[in-house]
Number of protein chains: 2
Amino acid sequence: MVPHLVTALSGPLATLEARLIALTPQIERWFRLEWQEHTPPFYSSVALRNAGFKLAAVDTNLFPSGFNHLDDAMLPLAVQAATSAIEKYCPDAKNLLLIPETNLSDPLYFANVLRLAAILRQTGLTVRFGSIDPELKQPTTHLLPDGRQLIVEPLVRRGRRVGLTDFDPCTILLNNDLSQGSPIILKGLVEQVLLPPLHAGWAARRKTAHFSAYSDVVKSFAKFVEIDPWLLTPYFASVEQTDFQDSQGQSLLAQRVDTLLQKIRTKYKKYGISNVPFVVLKTDTESDASGTISVKEGAELMQLNEEKRRQLITLASGSNSAIPVMIQEGVPTIETVDTHVAEPVVYLVDKFVVGGFYRFNAQPQNEQDMQLPGADFRQLPFAKPCNMPDCGEDTTAAPNRFYAYGVVARLAALAASLELERTDPDQSQYG
Amino acid sequence: MVPHLVTALSGPLATLEARLIALTPQIERWFRLEWQEHTPPFYSSVALRNAGFKLAAVDTNLFPSGFNHLDDAMLPLAVQAATSAIEKYCPDAKNLLLIPETNLSDPLYFANVLRLAAILRQTGLTVRFGSIDPELKQPTTHLLPDGRQLIVEPLVRRGRRVGLTDFDPCTILLNNDLSQGSPIILKGLVEQVLLPPLHAGWAARRKTAHFSAYSDVVKSFAKFVEIDPWLLTPYFASVEQTDFQDSQGQSLLAQRVDTLLQKIRTKYKKYGISNVPFVVLKTDTESDASGTISVKEGAELMQLNEEKRRQLITLASGSNSAIPVMIQEGVPTIETVDTHVAEPVVYLVDKFVVGGFYRFNAQPQNEQDMQLPGADFRQLPFAKPCNMPDCGEDTTAAPNRFYAYGVVARLAALAASLELERTDPDQSQYG
């Protein structure tokens, strides 16, 4: 199961990777000092794009599913990292309440929840499952085809604590991205630790807030390692309350798209990159489950065919035609698994990289369309961990690539910490 | 490279292992709470004996070599654990001074030092090497046959700090067991962290102090998991200042040996074990480099043949005929690698198990003689990590065995913490 990597990397990235590897002790110390200032998210997964000429985080998930896709050999890393994290939040923790998505019909997601629970049990916790679905009134047993089961129980609120009928947790771990809103039953919990906090949920979170923090983090890191921050950052812009049905809204969006494309073109020219730049449109307020749209010029938005228009409406979730949109620089990917375009996804628990995999679309398409809704995503676990760069060995060898992935993913996790501090409704603790 | 394990385990151990696995979350929490009270050694390696009917730690090394024998796949665990440890001792640490044994002529030991340095660099430290050999006046380059090199430099004392000419470390890590005494140049360091502390060195350490702490730790753990502590502990006794040349000394030793053998026989009878009990004589004050002697009855000591007598003198290091001796219950091992008797050695960094291997003597001998000086030791890395017990799967499967190893090794590491607290010349910090 060794992924096929495009190893004939051109220009800046090989240089960049060599630089990261040469500076390993300094970079690790840089992170050590940063993590003294900022609390890492309990867990996260970071999707990267490796364009050869640049390597950037394009999505940071604070409610990662997919732990089931990590290689078994990397689980001990997750256990060790979770042990460190639990020690920090609730050193004498006995009980942990895991709140998964309400829909457990996908066996892969189900397997993710079981895997997560196995990791957490290994840190010395009794783990049970609660649902934020107010319709759930009784403990419900879900079964996997392989016979494994999972009992999800209704939440019970007791004053400023939440739990199950006969279960009082110290820590509540959300694996539900709260895209349906922050449930009242989880509000105002004072004596318990809720991870991640409510304002990390999609009811409140903005992608642009994350990428704004990411830009700041990368700016500081890039200065430290003396590189152009653009090599690690996708440019982005935000457009508030765009009505896609309205020609004025479309025109404003098209204009912003062209401005961003122009910025990218300038960089492409500087680095002698012959690719045609593109941008990706994402809702600013929700996970990408409903898909993204990529365009190579603003005018495309004015001349959308029926299919693309439907896509645009889907992107708006159908709930509201006026939604804030993030325009993000499209970072092409040169990595492939077999003949499929592949995107590395790196998993972190606390500040530690614990594994990752290549996500690829089994239907052959070009790289811009990887995020189409309904795409047949497959996963291929990384063959090596991300924290051993094999200093002194061939810098184009796979372990080094993974080290660079681990660095960029940690920059994104650090950005998430910063983002959650900035967006925390209770600012008193950062004074 | 999958070790051949004797899987036909009889009686108590299979029961014991099943019990440890069933109680995993509780055991992990037990350790979590214990580690809040006690600081784990920076690193340690624990030799275990698996008798089938019992599983016990028989030796705890606080200056572990052999990191080179760990499977590459487990290194990320060591890096992660070392990162947690460094953060605790010296969060802004930049420089670490590693003090290896003065004799680097063994390429295996040399490889261990390089491996350790690689792990530490990965935590964000600049690592350099210092020697406590007062004869070393100039930086000396050592070369491995494969071309890797290591520069060892003389220590430079500056007030209450120690370092190299142009290197001021925050942390000093000893990989030298100080069996030649505590060097003055390392005494009274106040502003720097010396790991492990001087009183962990063999100039001051007593095996019986360790096993006394180990007995206490196991007693508490055994009560928690409701088992007989003897299933995890070797009985031991200490005999002070024995003169092996003197018949009165020999007779006292023989008497103590018989008393211990009688205790073991009682347990063997209780558990229906048909083995012939034996005890192992070790110096109480030094590492086992000079060998150990095993006997099945006290009278053997009175009738030693010339070879055994030479061994006894060697054990006394030739330096002094009157030395304190530890008599330790011999725990036979039922594990083999190919046809060789094998002893698991588990490695820890901080409170985390980071790997291990089977140590076996390539010259076929019976298990009692594994510790003969000059034995041709080989290593076979564990095929699986120790922190995933695979709950619910076949309890006799290999990963479970490794989990049990990890539990016992951590009991020994916890005992080392307790031991170092009890033997610390500065007791004020434990008030």
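Below, each value reflects all heavy atoms present in this structure, side chains not excepted, and no hydrogens, waters or symmetry copies. In what follows, chains carry the letters A, B, and so on, assigned in the order in which the sequence lines appear, proteins first and then strands, with residues in each chain numbered from 1.
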To the nearest 0.5 Å, tell me how far B/Ser84 OG sits from A/Lys88 NZ.
9.0 Å
Would you say the side chain of B/Arg121 lies within less than 4.5 Å of the side chain of A/Thr24, judging by non-hydrogen atoms?
no
Which one, A/Leu120, A/Ile27, A/Thr123, leads in non-hydrogen pairs under 4.5 Å with chain B?
A/Thr123
What part of B/Lys94 gets within 4.5 angstrom of chain A, counting heavy atoms only: side chain, backbone, both, or neither?
both
Mind checking the OG1-CD spacing from A/Thr83 to B/Glu28? Nearest 0.5 Å is all I need.
7.0 Å
Holding to side-chain contact (heavy atoms from CB on, under 4.5 Å), I want the full list of residues that pass it with A/Ala81, two or more places apart in sequence or in another chain.
A/Val349, A/Phe352, A/Val354, B/Gln80
Decide yes or no for B/Arg29 and A/Asp92: does some side-chain heavy atom of the first lie under 4.5 Å from some side-chain heavy atom of the second?
yes
What pair of heavy atoms forms the shortest contact from B/Leu125 to A/Pro25, and how long is it?
O-CB, 3.6 Å
Can any side-chain N or O of A/Arg32 pair as donor or acceptor with the backbone N or O of B/Glu87 at less than 3.5 Å?
no
